[in-house]
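Data block below; observations after.
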Amino acid sequence: MDSIVEAAEDKQIGIRDLVQSVGQASFSPVLLVPAIAVATPLSGIPMFSSLMGLLIFFVALQMLLRRDHLWLPEWLLSRKADGMRVRSAFERLRPILSWLDDHTQARLEAFAHRPLIFVPQILCVLSGLIMPFLEFVPFSSSLIGIAVSLLAFGMLARDGLFVMLGLVPYVGAAWLIIRVT
């Protein structure tokens, strides 16, 4: 969190800066950054949800494929966002993330390890793919961002309870779709 806020001190922050601030060797923290960003009001910025969705897709796909290190295309790494907005959004999330960090532990471990770890990874891949389509309804990608954030946090902390909580927004979205149709 601190490294992201520090990286966002500049007027503009690039995707490359965000990825480098959390380290390319660990997939879950890199997945957590765009998911958290989309869960904030930043998702109202045109094309922001699409870019974060593509980042989620690329990172989650590489997690699923069990790659050793992260690779992202140059055209995605070169994209930039307003540094002050990113910094402000992440600073507002500090108390929530601190609370989450204090309340994680080894629970429901089967959901945070193989073979069941494939479920949240596949959901994250699919979430990244659908986010560009959610661009048409402002802030609708925030629900998916919350889900991916919980899934990524659960995978990072190896806390199956958070992985299970990450499924709740998908169930809610499915219920809404079924109810509307």
Side-chain angles (χ1 to χ4, degrees), residues 1 4 18-19 22-23 25-44 48-67 70 72 89-90 92-181:
M1 172 64 129
I4 293 168
L18 287 173
V19 170
V22 294
S26 188
F27 290 90
S28 293
V30 175
L31 181 62
L32 191 57
V33 171
I36 289 173
V38 169
T40 69
L42 290 172
S43 67
F48 186 80
S49 295
S50 294
L51 286 173
M52 295 299 104
L54 290 172
L55 185 55
I56 289 168
F57 168 75
F58 280 118
V59 174
L61 182 62
Q62 291 176 66
M63 285 177 77
L64 185 63
L65 297 174
R66 300 178 75 180
R67 291 197 34 128
L70 182 63
L72 295 170
F90 276 88
R92 279 186 264 137
L93 289 171
R94 188 180 301 275
I96 296 167
L97 293 176
S98 179
W99 182 89
L100 287 172
D101 194 38
D102 291 341
H103 290 87
T104 57
Q105 56 184 305
R107 295 176 284 209
L108 303 171
E109 293 181 52
F111 295 104
H113 295 284
R114 299 212 184 281
L116 293 179
I117 196 71
F118 289 119
V119 173
Q121 290 173 345
I122 289 170
L123 283 172
C124 290
V125 168
L126 294 174
S127 296
L129 282 176
I130 66 165
M131 249 183 235
F133 299 104
L134 298 175
E135 192 81 46
F136 299 110
V137 181
F139 302 105
S140 63
S141 57
S142 293
L143 183 63
I144 300 300
I146 291 168
V148 174
S149 295
L150 289 167
L151 293 172
F153 188 77
M155 290 186 286
L156 175 64
R158 304 236 187 270
D159 189 338
L161 179 61
F162 282 96
V163 172
M164 296 300 294
L165 288 172
L167 300 176
V168 172
Y170 294 107
V171 172
W175 179 80
L176 284 174
I177 290 169
I178 291 169
R179 182 119 169 118
V180 170
T181 55

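One distance of note links OG of Ser50 with CG of Leu54; it measures 6.5 Å at 0.5 Å rounding. Taken from CG in Leu151 to CD1 in Ile144, the straight-line distance is 10.0 Å, to the nearest 0.5 Å. Distance check, rounded to the nearest 0.5 Å: CZ of Phe111 to CG of Leu161 gives 10.0 Å. Between Met63 atom CE and Leu65 atom CG the span is 11.0 Å, to the nearest 0.5 Å. Considering CG of Leu61 and CD1 of Ile56, their distance stands at 13.0 Å, rounded to 0.5 Å.
For residues 125-142, the set of pairs meeting the salt bridge (charged side-chain N to carboxylate O under 4.0 Å, His left out) definition, not counting sequence neighbours, is empty. Among residues at least two apart or in separate chains, there is no salt bridge (charged side-chain N to carboxylate O under 4.0 Å, His left out) pair with a member in residues 113-122. Pairs passing the side-chain hydrogen bond (donor to acceptor under 3.5 Å, both in side chains) check and including a residue from residues 141-154, sequence neighbours excluded, read Ser43-Ser142, Ser49-Ser141.
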side-chain contact (heavy atoms from CB on, under 4.5 Å) between Ser28 and Leu32, intermediate numbers included
CA-CA 6 Å; Ser28 293; Leu32 191 57; over 6 Å; no
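The shortest side-chain heavy-atom distance between Met155 and Leu31 falls under the 4.5 Å cut-off. For the pair Phe57 and Met131, the minimum side-chain heavy-atom distance is 4.5 Å or more. Residues Val163 and Leu108 fail the side-chain proximity criterion, which asks for heavy atoms closer than 4.5 Å.
Residue Leu150 comes nearest to Gly166 through the heavy atom pair CB-CA, 3.6 Å, listed as atom of the first residue, atom of the second, then distance. The shortest heavy-atom contact between Leu116 and Ala110 is CB-O, 3.3 Å.
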Tell me which donor-acceptor pairs under 3.5 Å the side chains of residues 117-130 have, and how far apart each pair is, sequence neighbours excluded?
unit_1	atom_1	unit_2	atom_2	d
Ser127	OG	Leu123	O	2.7
Ser127	OG	Tyr170	OH	2.4

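Phe153 is linked by a ring-ring contact (aromatic ring centres under 6.0 Å, His included) to Phe162, counting only residues two or more places apart in sequence or in another chain. Every residue meeting the salt bridge (Lys or Arg N to Asp or Glu O under 4.0 Å) condition with Arg107, not counting sequence neighbours, appears here in chain and number order: Asp159.
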